[in-house]
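Remarks on the structure that follows.
Being a predicted model, the structure only gives us computed values, none of them experimental.
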Amino acid sequence: MQTHAHVIKFAISEEAKVRNFLINLYSKCRLFGYARKLIDQSPELDLVSWSALISGYVQNGLAQEALLAFHEMHLLGAKCNHFTFPSVLKACTIKKDLRLGMQVHGVVIVTGFEDDEFVANSLVGLYAKCGDFRDSRRLFDEIPERSVVSWNALFACYVQKDFFGEAVDLFQEMIKSGISPNEFSLSSMINACTGLEDGNRGREIHGYLIKLGYDSDQFSANALVDMYAKLGNLDESIIVFEEISQPDIVSWNAIIAGCVLNENHEGALKFFRKMNVSETCPNMFTLSSVLKACAGTRFAELGRQLHSTLIKTDFKKLDLFVGVGLIDMYSKGILMDNARKVFDSMPEKDLIAWNALISGHSLNEEDIEAVRLLPSMHKFGVGFNQTTLSTVLKSIAKLQAIDSCKQIHVLSLKSGFEYDNYVLNSLIDAYGKCGYVQEATRKFEDCPTVDFVAFTSMITTYSQYGQGEEALKLYLEMLNGRIKPDSFVCSSLANACASLSAYEQGKQVHVHIYKLGFISDAFAGNSLVNMYAKCGCIDDASRAFSEINQRGIVSWSAMIGGFAQHGHGQKALHLFSQMLNDGVRPNHITLNIDIGRQAAEKLLALEPEKSGTHVLLANIYASAGMWNNAAETRRLMKNSDIKKEPGMSWIEVKDKVHTFIVGDRSHSRSSEIYAKLDELKDLLHKAGYVPMVETDLHDVEQHEKEKLLFHHSEKLAVAFGLLVIPPGAPIRVKKNLRICIDCHTVFKFVSKIVSREIIVRDINRYHHFRDGLCSCGDYW
């Protein structure tokens, strides 16, 4: 404006050249009011002035204003030239208005500018970016003399529309035609190679850059950093980055995001610290990547600092991606209260933000809250996608909430996501974990393309519910489909063989585990030890145990239990001592009386504060008839204020959960429940049931033991189920501890007597009682 004042002062403002200079200056500075005023004050129609104004609008992204100015200019009778047309065509491209662009194209032909290279390149870009690649290529082929700029125009369009193969073919065509690529050509090709995931071709382009001397070009270097990182070659990405003399914000973002993508979270934070030292100001994209790195390393402190900085600057304008990054970071840092505060503070919450919050609750075992968020999304009109349904189903599977599972199934049908692979696999898993094997099988059979996840979920379901033969059949089907199993699948198969006591088939699974390289894997190794032990092959179990590199409590428990079960008491006790020396603390191990007493006494010395240790020792003393010792142990628990977790069972009927403890009479229908138990007792005795009083560890008379046994919480829950659940429908009960052997025996009898399927989920596994048999094969 000072320049304009000097122009007026020296009385040269009326000169066309000076006026056009000022219009161009004002337009580029977004001062369009002043530019337009100069045009209106012009004594004559000046094409250069209008071209400068239109160009300024386009350069500042104001496509609509540019087209209105073009329309006004056209009405005034001014004819466009080879400077005006490219700007007008670019405005049409920005607005994706192919129809108007075609009209402008007509004017180009009428005025004879179709052979001008700049105009022709703009036409090629217009048609390509509006999706008409056929006409775009035709116009490109009609350019009489194509420079590298013409080729670059089409390259860029192909890459932007993800036509990476076509872009590479066009590049080869350009090289054959004798046109040497420039840094823009090579930058586009690097992006194409990234899209094609073609590292070899990417290295060829890198070679071109070095050969032609463009390796120091910032755009190309940034594209190379991005390409190598996305193709999994982080070391080369870092080498290229470190050769950039002055990295800009794009360079830093590329290397930090690349580290995060390759799960090198420490590296990402290291580069972020270097970026701060270089005094490059991070943007929202940087912060989003850094927050992911904080989440990956569980380093919440840096994330908190970043969060504080954002609050101090302008939290109300918090970028959605950064908001989601904060939710993700706090979720993975087990700070769900903070994650929820971030979510509640976001002015706009899109689907990604809701999904991040649901995933956070699910990740932190807050499954009820995760499921509750889905109706809230509907209430706020956000909608949902396959990620939402899949994540909610994951929580439903952990809750074993069958009614919710069915509701999500119906929702997936109505929304069209039923055949989405993520949703289908999640439905299979959820139905399986809820004990609905037939529904899981139906969903598996509905899969249009059965993938690895579907096979894994279904094999695991069959294995958990004692349908070992079905699991083995499915495994063979998986191999025939050339889908490679992982260690978890092999583990499930070995467990299936264990439930069948199928030694020969188990050995075949062992061979597969060996061939696939999973022999030292903890999951596979533990299942092999368990399988051989249950099949009575202790030597094979011992060999499998010795091949496990990192033994956890499951490994030790399986081997010790195997020794104890098959009469190798001294070996079991020796291995128990070795386990304690290795720093592994047991959770619960079932041993014979003598070994169990010695093991539990050792454990009590190590863990006097744990209730499980006291209960184990007290029960061992009681089962041996050592009542004084048992009483002393319980007295020690009481004096030390150590609480034992009470046995509890629950059953869900019409969306209401009914909970029972042993001898419970608090239920509103308690008298009916106990009457049903008395009725069952008579039927059971007639069928040959004998109460297993030796399993009751109370120092009371035998008739009292029988009474206590028959009033166990799971028996009360089943009796209530028989009263309220319609005939023919299965009875589903859950228990927080291991089902006792007497209840297990009773439910086998009851399932046959009343012709009902009874499903009990205890702390170890599912038990399907049907026609007098249990799916666990009486081994749990």
For this session: Decide yes or no for K406 and I396: does some side-chain heavy atom of the first lie under 4.5 Å from some side-chain heavy atom of the second?
Result: no
Exercise. Atom CZ in F523, atom CG in D486: separation rounded to 0.5 Å?
Worked result: 9.5 Å
For this session: Identify the heavy atoms of G525 and I548 that sit nearest to each other, and give their distance.
Result: C-CD1, 3.5 Å
Exercise. Do F455 and Y475 make the cut of ring centroids closer than 6.0 angstrom?
Worked result: no
Exercise. Are the side chains of H768 and Q467 in touch, meaning some heavy atoms are under 4.5 Å apart?
Worked result: no
Problem set entry | Student check: side-chain heavy atoms of I758 and V733 closer than 4.5 Å | no
Exercise. Counting only N and O atoms by type, is there a donor-acceptor contact under 3.5 Å from the side chain of R551 to the main-chain atoms of F545?
Worked result: yes
Exercise. Looking just at side-chain N and O atoms, do S463 and S492 make a donor-acceptor pair shorter than 3.5 Å?
Worked result: no
Problem set entry | Nearest non-hydrogen partners of M531 and C497, listed with the distance | CG-CB, 3.9 Å
Exercise. Would T441 and Y462 count as having a side-chain donor-acceptor pair, cut-off 3.5 Å?
Worked result: yes
Exercise. Short question: side chain of K734, backbone of E652 - any donor-acceptor pair under 3.5 Å?
Worked result: no
Exercise. If you draw a 6.0 Å radius around NZ in K349, do more than 12 non-hydrogen atoms from other residues or ligands fall strictly inside?
Worked result: yes
Problem set entry | Test item: N262 side-chain N/O and N264 main-chain N/O as donor-acceptor pair under 3.5 Å | no
For this session: Verify the distance criterion only: is there a donor paired with an acceptor across the side chains of R442 and Y436 at less than 3.5 Å?
Result: no
For this session: Considering non-hydrogen atoms only, spot the tightest contact between S331 and A339 and give its length.
Result: OG-CB, 3.9 Å
Exercise. Can you check side chain to side chain contact (heavy atoms under 4.5 Å, CB included) on S376 and R372, steps first, answer last?
Worked result: CA-CA 7 Å; S376 299; R372 281 177 181 163; 5.8 Å; no
For this session: Carefully, step by step, assess S404 and L399 under the rule side chain to side chain contact (heavy atoms under 4.5 Å, CB included).
Result: CA-CA 10 Å; S404 298; L399 292 168; over 6 Å; no
Exercise. Is it true that K443 and E418 have a side-chain N and a carboxylate O under 4.0 angstrom from each other?
Worked result: yes
Exercise. So, the side chain of S237 versus the backbone of V225: is there a donor-acceptor pair under 3.5 Å, distance only?
Worked result: yes
For this session: Given side chain to side chain contact (heavy atoms under 4.5 Å, CB included), test Y766 with Q400 step by step and report yes or no.
Result: CA-CA 12 Å; Y766 273 98; Q400 296 168 20; 3.2 Å; yes
Problem set entry | Backbone of N222 reached by a side-chain donor or acceptor of D226 within 3.5 Å | no
Exercise. Under 6.0 Å from the NZ atom of K752, do we count more than 12 heavy atoms belonging to anything else shown?
Worked result: no
For this session: Would you confirm whether the ring centroid of H744 sits within less than 6.0 angstrom of the ring centroid of F769?
Result: yes
For this session: Could you tell me whether the side chain of S390 and the main chain of Q386 form a donor-acceptor pair under 3.5 Å?
Result: no
Exercise. Does any non-hydrogen side-chain atom of M478 lie less than 4.5 Å from one of P485?
Worked result: yes
For this session: Report yes if some heavy atom in the side chain of C447 is under 4.5 Å from a heavy atom in the side chain of I428; otherwise report no.
Result: yes
For this session: Let me know which of L363, I327, N364 forms a side chain to side chain contact (heavy atoms under 4.5 Å, CB included) with M336.
Result: N364
Problem set entry | Residues, nucleotides or ligands: over 12 heavy atoms within 6.0 Å of L413 CG | yes
Seminar exercise, completed: From the list Y532, F518, Y503, ring-ring contact (aromatic ring centres under 6.0 Å, His included) with H510 holds only for Y532
Exercise. P448 and Y419: which non-hydrogen atoms are nearest, and at how many Å?
Worked result: CD-CD2, 4.1 Å
Exercise. If you measure from CD1 on I408 to CZ on F384, what distance do you get to the nearest 0.5 Å?
Worked result: 8.0 Å
Exercise. From L291 CG over to L326 CG, what is the distance, rounded to the nearest 0.5 angstrom?
Worked result: 4.5 Å
Exercise. Within a radius of less than 6.0 Å around CD of E263, do more than 12 heavy atoms belonging to other residues, nucleotides or ligands occur?
Worked result: no
Exercise. Just wondering, do C490 and L528 contact through their side chains at under 4.5 Å, heavy atoms?
Worked result: no
Problem set entry | Interatomic spacing from CD in E547 to OH in Y514 - rounded to 0.5 Å | 8.0 Å
Exercise. Is a side-chain N or O of S457 found less than 3.5 angstrom from the main chain of A454, in a donor-acceptor match?
Worked result: no
Exercise. Does a side chain donor of either D420 or N385 reach within less than 3.5 Å of an acceptor in the other side chain?
Worked result: no
Problem set entry | Trace of the side chain to side chain contact (heavy atoms under 4.5 Å, CB included) decision for I358 with T388 | CA-CA 8 Å; I358 291 171; T388 320; 3.9 Å; yes
For this session: Would you confirm whether N425, through its side chain, and N421, through its main-chain N or O, come within 3.5 Å as a donor-acceptor pair?
Result: yes
Problem set entry | Any Y431 side-chain heavy atom under 4.5 Å of H409 side chain | yes
Exercise. Rounded to the nearest 0.5 Å, how far does CD of E173 lie from CZ of F171?
Worked result: 12.5 Å
Problem set entry | Beyond-backbone contact of V450 with I483, side-chain heavy atoms, under 4.5 angstrom | no
For this session: Return the minimal non-hydrogen interatomic distance between Y158 and A167, and the atom names on each side.
Result: CB-CB, 3.8 Å
Exercise. Does the separation of the ring centres of F417 and Y422 fall below 6.0 angstrom?
Worked result: no
Problem set entry | Residues, nucleotides or ligands: over 12 heavy atoms within 6.0 Å of D771 CG | no
For this session: Evaluate whether atom CD of E469 has more than 12 neighbouring non-hydrogen atoms of other residues, nucleotides or ligands under 6.0 angstrom away.
Result: no
Exercise. Judged by atom type as modelled, is there a donor-acceptor pair below 3.5 Å linking the side chain of D328 to the main-chain atoms of V324?
Worked result: no
Exercise. More than 12 non-hydrogen atoms from neighbouring residues, nucleotides or ligands closer than 6.0 Å to CZ on F488, yes or no?
Worked result: no
Exercise. Taking all non-hydrogen atoms of both residues, which atom of M189 and which atom of V168 are closest, and how far apart?
Worked result: SD-CA, 4.0 Å
For this session: State whether the number of non-hydrogen atoms from other residues, nucleotides or ligands found under 6.0 Å of K748 atom NZ is greater than 12.
Result: yes
Problem set entry | Pairwise distance SG(C434) to CZ(R732) - rounded to 0.5 angstrom | 8.0 Å
Exercise. Between R340 and E369, is the closest basic N to carboxylate O distance under 4.0 Å?
Worked result: yes
Exercise. Are the side chain of R756 and the backbone of A729 linked by a donor-acceptor contact shorter than 3.5 Å?
Worked result: yes
